[in-house]
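First the structure, in the form of C-alpha cells, and then the observations on it.
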Amino acid sequence: MSSLTNMAKHPTISLIKSSTTLKELKQIHTQLLVHGTLNNPHFHGQFIATVALHNPTNLPYSNHLIHHSLHYPNLFTLNSMIRAHSKTTTPHKSFFFYNIILNSPNNLSPDNYTFNFLVRTCAQLMLHVTSSSVHAAVIKHGFEHDPHVQSGLIFMYAEMGCLKSCHQVFGRVQNPDLVCQTAMLHACAKCGDVGFARKVFDEMPHRDFVAWNAMVAGYAQCGRSREALELFHLMQMEGVEVNEVSIVSVLSACTHLGALDQGRWAHAYVERNKLRLTVTLGTALLDMYAKCGNIGKAMEVFWGMKEKNVYTWSSAIGGLAINGLGRESVELFSLMKKDGVHPNEVTFISVLKGCSVVGMVEEGRNHFDSMRNLYGIEPQLEHYGLMVDLYGRAGHLEEALSFINSMPLKPHAGAWSALLHACRMYKNKEIGEFASRKIVELEANNDGAYVLLSNIYADHKNWEGVSNLRHKMKIVGVKKLPGCSVIEVDGEVHEFIVGDKSHPRYDEIELKIEEISRCVRLAGYVALTSNVLFDIEEEEKENALGRHSEKVAIAFGLISLKEGVPIRVVMNLRMCWDCHDVAKMVSKFYHREIIVRDRNRFHHFKDGECSCKGYW
DNA sequence: TTAGGGTTAG
C-alpha cells in the first residue's frame, strides 16, 4: 500500500475526501486519532489538505494540525496549503509553506503544482516585485515550459493588469493547449482587450465549456452585456454544457441591463436543471433581483442561502440601500457582524449608501469612523464621496464642504460632484459655483459640473448665468452625456437615447407622450423647466423635457406592456425632477406601477407617490 | 490524492 495510486483508493482516503463540512471532518479526526490511523503520513496529509481545500475559513484548523503534527508535511500537503492560502485575504501566508518546501530537511523541492499555486498567490497580492521573483524561481527550477505553470503566469500577469507580459508569456508557448488559450482569452478580456480575447476564442481549434464560460464572462465583466447574452444563446444552440458559472455571467449581464425577465429565466433554469446554488451563484441571483427592483425576491434568495460570504452580505446591504430601505440595510450590517463575517471596503460603500438614502447622518459618520478604528480599513475616495453625499442630501452643506476640506486625500471630482448635487437639491448658488469650479479644475470636460450649475442658475431664473455657461461649454468643447433608458419587453431589451427617433414604434410613442402631457396638464401640472439646460422658449423647453429618455421609455412601456404589468426602466443618469413628477402622475392616472433605476438608486412609483419621498 | 472559467462598489 505504498504507491500513491493505491493510496488514493484506500477507504480512509476516500472517507476523508468525501466529507464536506468542518464538523464532519473534526468527527473523522477524532475517530482516526482513536484508531491511531493518523500516524500514517498519507492519511494525515490528506486530512490537512481536505480541511484546507474545502473552505478557506477552515485554514486556521489546518494550520493548527500542521503545527501540532509529529510528521513532517509532505509536498502534497504543502502544495495544498499554498493553494488554499492563495484564495484567502492573507495570500502572503502561502510563502510560509513555500519556504518549508525550500528548506526541507528531507529534500523536498517545489514541483509544477507548487508554482501553479504560488503564481495565483502573486496574482492575489498584486505586487510586482514578488511576481518577478516568483517568475524567476519558475525559470530557476525549470518549469518555464510547463503548460500549467505557463497558464498560471498568464493569469498572474492578467490580474496585475500587465497585458504585455501576458502576450510575452503566451508568445513563448510553443503549442498552447486549451487551458493556456483559455487563460490568454481571459487575460485579454480582463485587461480590457475583449476584441483580442474574441480572436483567441475564435481561433481555438477546440473549445470546451470553460472556454465558452470565460468568453461570456469576459463580455459581461467589461459591460458588454448584450454580447454576453448573445454568446450565451449561441453556446446553448451549439449544445455546450451550461453550468452554474455560465449562469453567474448571464445574471451579471441581466443585472447591468436591468433585464428582469431574462434574469428570472436564468433563475428558472437553475431550478429546472438542478444546478448547485453556490455562494457565487446565489449572490449573483440576489444581486440581479435587487438591482432589477425586486428587493423582496432578492431577500428571499438571501435568507434561503446556506452559505453567505462578504460578497453576499455586501450585495444584500447595497440592494436594500438602493431600493430606499436604508434602515433595513444598516440592520442587516449589524446581523452580518454578529454572524462573524468581516466587512470589507465594498461593504462600507453599501452601508454608507444605506445611511445616505434615509438621511442617517450620525449613524453614517459612526460607521465611517469604525472603518479605520475597528476594522483597519483605510477609507478610499469613494467612501469620502459618500460621506459628502450623506451630509449634502441631509442639507448640511457647510459640513459637507468642511468635510471635503479636511480630507487626507486630494478630493476627487466625485466628492465635489456629490456636493454640487446637494447644492442643486437645496438651490445653493454660492457653494454650487465653488464646487462646479473645483470639478472643472480637476476634469475640464466634466459635463455634470456645467449642467448642474446651469440648473441652479435656472432655478434662480438667472438666464444670463445659464447663457454664459452654454458659451463656455462650447469653447471648452464639453458635451452633455446623452440620457439613455432601457426597458425590457417580452425578453427583448429596447434602448432609447435622447433625441433618437429610430425606434420602429416611435410614432405611437410620440402620440402616447402627447396623451400623457394632456392628462398631467389637466391635473394642474406645470413642467419644471429648470431641468432644461438652456434658456429657450418655455414651450420649447417643455417639449425638450417631454423627450427625456426616461419619459420615452415609460411611454413605450405603456403602449407595449399588458395592463397591470409594472414598467421597469433602467437609466444612465440621475432621473430629472420633472420626469419624476410626471412618473408619479402617470402611476396614478394609468394605474400602473413604474420602477425606475437611475444612476443612484430606485424610484418605485405607485398611486401617485414615489418610494424615495422626494429624497434622492 | 492538488491544475482553468464566476459574485459585491466605482
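Only a predicted model underlies this, so the values are computations on that prediction, with no experimental measurement involved. A note on names: the letters A, B, ... follow the listed sequences, proteins ahead of strands, and every chain is numbered from 1.
- One finds a side-chain N or O of A:Q221 lying less than 4.0 angstrom from the OP1 or OP2 phosphate oxygen of B:dG6.
- Residue A:K353 places at least one side-chain N or O under 4.0 Å from the OP1 or OP2 atom of B:dG10.
- Contact annotation: A:H383 does not reach the phosphate of B:dA9 (side-chain N/O to OP1 or OP2, under 4.0 Å).
- Per the geometry, OH belonging to A:Y289 stands 17 Å off P belonging to B:dT8, to the nearest Å.
- A perpendicular orientation is assigned to the rings of A:F368 and A:F403, their planes being inclined by more than 60° (bins at 30° and 60°).
- Here the nucleotide nearest the side chain of A:A217, chosen from B:dG6, B:dT1, B:dA3, is B:dG6.
- Spacing between atom CD of A:E241 and atom P of B:dG4 amounts to 16 Å, rounded to whole angstrom units.
- Note on A:R83: a side-chain N or O is less than 4.0 Å away from OP1 or OP2 of B:dA3.
- Between B:dT7, B:dT2, B:dG6, one nucleotide has an atom nearer to the side chain of A:V245 than all others, and that is B:dG6.
- Between A:W313 and A:F333, the distance from one ring center to the other does not fall under 6.0 angstrom.
- In the set B:dG4, B:dT2, B:dG6, B:dG6 carries the atom at the smallest distance from any side-chain atom of A:H186.
- Nearest to the side chain of A:F76, among B:dA9, B:dA3, B:dT1, sits B:dT1.
- The distance between atom CG of A:L275 and atom P of B:dG6, rounded to the nearest whole Å, is 17 Å.
- Put simply, the side chain of A:T283 and the base of B:dT7 share a donor and an acceptor less than 3.5 Å apart.
- Contacts of A:K308 with the nucleic acid, taken as non-hydrogen atoms under 4.0 Å apart, are absent.
- The interatomic distance linking A:H145 (NE2) with B:dA3 (C1') rounds to 19 Å, in whole Å.
- A donor and an acceptor atom never sit less than 3.5 Å apart when one is taken from the side chain of A:N243 and the other from the base of B:dG6.
- The residue A:A183 sits apart from the nucleic acid: no heavy atom pair falls under 4.0 Å.
- For A:H148, the listed nucleotide lying nearest its side chain is B:dA3; candidates were B:dG10, B:dG6, B:dA3.
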**OP:** Apply the test side-chain contact (heavy atoms from CB on, under 4.5 Å) to residues A:F201 and A:R198: give CA-CA distance (whole Å), side-chain angles for both, the deciding distance (0.1 Å), then the verdict.
**Re:** CA-CA 5 Å; A:F201 179 78; A:R198 183 63 195 251; 3.8 Å; yes
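- Here B:dT2 presents its P atom at 16 Å from CD1 of A:I101, a figure rounded to the nearest Å.
- Considering only side-chain N and O atoms, A:K190 lies nowhere under 4.0 angstrom from the phosphate OP1 or OP2 of B:dG6.
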Any chance you could lay out the salt bridge (Lys or Arg N to Asp or Glu O under 4.0 Å) test for A:E230 and A:R226, step after step, and finish with the verdict?
CA-CA 6 Å; A:E230 277 165 22; A:R226 284 163 182 273; over 6 Å; no
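- Across all strands shown, A:F348 has no heavy atoms under 4.0 Å from either base or sugar-phosphate atoms.
- Of the listed nucleotides (B:dG6, B:dG4, B:dT8), B:dG6 has the atom at the smallest distance from the side chain of A:T280.
- Using a 4.0 Å heavy-atom cutoff across all strands shown, A:T182 reaches at least one base atom of the nucleic acid.
- A:L251 comes within 4.0 angstrom of no nucleic acid atom, judged by non-hydrogen atoms across all strands.
- Residue-level contact check: A:L281 touches the bases, meaning some heavy atom is under 4.0 Å from a base atom.
- The nucleotide whose nearest atom lies closest to any side-chain atom of A:Y311 is, among B:dA3, B:dT8, B:dA9, B:dT8.
- A cation-pi arrangement is absent between A:R83 and A:Y113 under the rule of less than 6.0 angstrom and at most 45 degrees off the ring axis.
- Note: CG (A:D287) to P (B:dG6) measures 16 Å, nearest angstrom.
- A side-chain donor-acceptor contact under 3.5 Å links A:T90 and A:T88.
- Base contact: A:T278 has a heavy atom under 4.0 Å from a base atom.
- Distances were taken from every side-chain heavy atom of A:E382 (C-beta onward) to each of B:dG4, B:dT7, B:dG10; the shortest belongs to B:dG10.
- Checking B:dA9, B:dA3, B:dG6 against every side-chain atom of A:D146, the shortest atom distance belongs to B:dA3.
- Look at CZ on A:R574: it is 14 Å from C1' on B:dG10, rounded to the nearest Å.
- Heavy atoms of A:N79 sit under 4.0 angstrom from at least one base atom.
- Atom C1' of nucleotide B:dT8 and atom CG of A:L386 are separated by 14 Å, given to the nearest angstrom.
- Side-chain atoms of A:T255 and A:D287 form no donor-acceptor pair, as typed in the model, at a separation below 3.5 Å.
- Among the nucleotides B:dG6, B:dT8, B:dT1, the one closest to the side chain of A:K291 is B:dT8.
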